[in-house]
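Working notes, structure below.
Only a predicted model underlies this, so the values are computations on that prediction, with no experimental measurement involved.
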Amino acid sequence: MTVTDPETPSTPSAPSQGWVPEPAEEESPEDDMPLSLRLSIADTLTLGNATCGFMAVYFTTTGILIPHLTGSGESGMARHSAATAVILMLLAAVFDLFDGIVARKLRSSPMGAELDNLSDLISFGLAPAYFVLVYGMVADDAHQKMSALAAIVVLLAVVLRLARFSCVTMKDGMFQGMPSPFGALTVVSIVLLELKFVPTLLAIIGVAWLMVSRVEYPKPRGVLAVAMLSWIVGAMGLLAAWAFDAPGGQLLLQTGCALQIALAATIPLFATTRRANTFRHNRREARATQIP
């Protein structure tokens with residue numbers, strides 16, 4: 001009779017005694033992470049956009065609003081904080097410009113589009129709307145309730161524009177409605193121009209309408225992207241000169257703000273003229289085909 005060792009399995013396929021199976025190779029945490037949770041380089045730039053928008057709100061609060069409410073504010077500190085807040089919005093626009101370029105050149109994660117919309121809402125919706133609200137609280141001739149209404153209009157215009165951008169498919173190379181970064185910079189330019197309250201309010205509402213309109217704006221690609229980046233860098237220089245009270249800094253800032261507003265008003269005119277010419281051309285062709 002054969003005696004079987006109790007520690008040794010009696011099946012033929014059992015491994016020999018003393019053999020220890022090697023542990024399975026552990027998968028890296030990155031392999032376990034779902035694809036939808038991995039951040040790409042473009043997503044990192046998008047998060048930089050959101051960070052700049054939040055910091056713009058921070059500097060607007062700590063450097064302009066709180067000193068005004070406590071009565072301890074100085075014009076120099078308010079000027080520095082206002083310039084810093086707007087420079088941060090400009091920097092957010094740079095991040096927004098480059099995250100699209102990087103996403104096209106490399107890759108974007110499945111949540112890239114959602115991150116972009118949420119970051120744009122912070123930097124180009126909340127930050128400029130809050131800037132308008134604070135302006136209505138600190139300006140001498142402003143009305144706080146009307147400024148709050150204008151700020152809400154700006155915020156809702158950006159919300160609607162971003163939602164429509166996610167749903168509507170436009171022809172390649174074009175936006176429908178003023179892009180939110182361009183709209184945000186135009187809104188803060190109107191405030192920094194320090195016009196009378198009523199014209200300022202009407203101009204802000206006009207920009208909000210352009211953001212939700214069907215006016216076509218070209219996407220910043222190629223030469224246009226370089227021109228936009230150069231304009232942003234130049235605007236940062238103007239703001240720095242104004243913040244540090246450089247000779248002619250006030251005049252330079254007003255000139256830059258006026259150019260931004262003029263550009264915002266000119267592009268819709270060109271777009272409207274182009275659409276009118278296209279409509280006339282199509283009508284002529286239709287009439288020509290009907291003639292026997």
remark   = Correct closest heavy-atom pair for S81 and G63 would be OG-CA, 3.0 Å

ask   = Does any N or O in the side chain of H143 come within less than 3.5 Å of the main-chain N or O of G136, such that one atom is a donor and the other an acceptor?
value = no

request  = Nearest 0.5 Å please: distance from the CD1 atom of I87 over to the SG atom of C52.
outcome  = 11.5 Å

query = Is the H80 to F59 ring centre distance short of 6.0 Å?
reply = no

inquiry  = Would you say that S180 contacts L162 through its side chain, given a criterion of any heavy-atom pair below 4.5 Å between the two side chains?
reply    = yes

query = Does S123 reach the side chain of F95, with side-chain heavy atoms less than 4.5 Å apart?
reply = no

message = What's the separation between atom CG in L69 and atom CE in M137, rounded to the nearest 0.5 Å?
response = 5.0 Å

ask   = When you measure from the side chain of R164 to the backbone N and O of V159, does any donor-acceptor pair fall under 3.5 Å?
value = no

task = Assess whether side chain to side chain contact (heavy atoms under 4.5 Å, CB included) is satisfied between V187 and F131, documenting all intermediate values.
result = CA-CA 9 Å; V187 166; F131 198 80; over 6 Å; no

inquiry  = I need the minimum non-hydrogen distance between A78 and I64, along with the two atoms involved.
reply    = O-CG1, 3.9 Å

query = Is there side-chain contact between L91 and M236, with at least one heavy-atom pair below 4.5 Å?
reply = yes

request  = Is it possible for you to say whether I205 and V154 belong to one hydrophobic cluster, with membership spreading through side-chain heavy-atom contacts below 4.5 Å?
outcome  = yes

query = At what distance, to the nearest 0.5 angstrom, does CG of L88 lie from OG1 of T51?
reply = 10.0 Å

ask   = Would V215 end up clustered with F124 when hydrophobic side chains under 4.5 Å apart are linked, directly or stepwise?
value = no

ask   = Can you list the steps and then say if L193 with T200 is a side chain to side chain contact (heavy atoms under 4.5 Å, CB included)?
value = CA-CA 9 Å; L193 206 53; T200 298; over 6 Å; no

task = Find the distance between CG (L185) and CH2 (W231) and round it off to the nearest 0.5 Å.
result = 10.0 Å

request  = Output, in order, the C-alpha distance, side-chain angles, deciding distance and verdict of side chain to side chain contact (heavy atoms under 4.5 Å, CB included) for Y130 and L65.
outcome  = CA-CA 10 Å; Y130 187 71; L65 180 59; 3.4 Å; yes

key: L263 reachable from W209 in the ILVMFWY side-chain graph, under 4.5 Å edges   = yes

request  = Could you tell me which non-hydrogen atom of T60 sits nearest to which non-hydrogen atom of A85, and how far apart they are?
outcome  = OG1-CB, 3.4 Å

query = When D99 is tested against each of V94, D43, T46 for side-chain contact (heavy atoms from CB on, under 4.5 Å), which residue passes?
reply = T46

inquiry  = With heavy-atom distances below 4.5 Å as the criterion, would you say the side chains of S213 and L210 are in contact?
reply    = yes

ask   = Do other residues, nucleotides or ligands put more than 12 heavy atoms under 6.0 Å from the CD1 atom of I41?
value = no

query = Which heavy atom of Q260 sits nearest a heavy atom of S189, and at what distance?
reply = CG-OG, 3.4 Å

remark   = Residues A50 and S119: closest non-hydrogen pair is CB-OG, 3.5 Å

ask   = Can a cation-pi geometry be assigned to R161 and F175, taking NZ or CZ under 6.0 Å from the six-membered ring centre and within 45° of the ring axis?
value = yes

inquiry  = Does any part of the side chain of M89, heavy atoms only, come nearer than 4.5 Å to the side chain of M55, both counted from C-beta?
reply    = no

Straight-line distance of E194 CD to D140 CG, nearest 0.5 Å = 9.5 Å

ask   = Out of curiosity, does V134 fall in the hydrophobic cluster containing I122 (side-chain heavy atoms, cut-off under 4.5 Å, transitive links)?
value = no

note = Between V132 and A151 the two heavy atoms that sit nearest each other are CG1-N, 4.1 Å

ask   = Same hydrophobic cluster for L201 and V212, using side-chain heavy-atom links shorter than 4.5 Å among ILVMFWY?
value = no

request  = Using the side chain to side chain contact (heavy atoms under 4.5 Å, CB included) rule, take D120 and V158 through it: C-alpha gap first, then chi angles, then the decisive distance, then the call.
outcome  = CA-CA 9 Å; D120 286 355; V158 175; 5.9 Å; no

query = Side-chain contact, heavy-atom cut-off 4.5 Å: W242 with L192?
reply = yes

note = Interatomic distance, CG@N49 vs CZ@F54, rounded to 0.5 Å, equals 14.5 Å

L121 side chain near L126 side chain, heavy-atom distance below 4.5 Å = no

ask   = Among T255, L252, L259, which residue meets the side-chain contact (heavy atoms from CB on, under 4.5 Å) test with L238?
value = L252

ask   = Considering residues, nucleotides and ligands other than E114, do more than 12 of their heavy atoms fall under 6.0 Å from its CD?
value = no

ask   = Side chains of I204 and V153: does their closest heavy-atom pair fall under 4.5 Å?
value = no

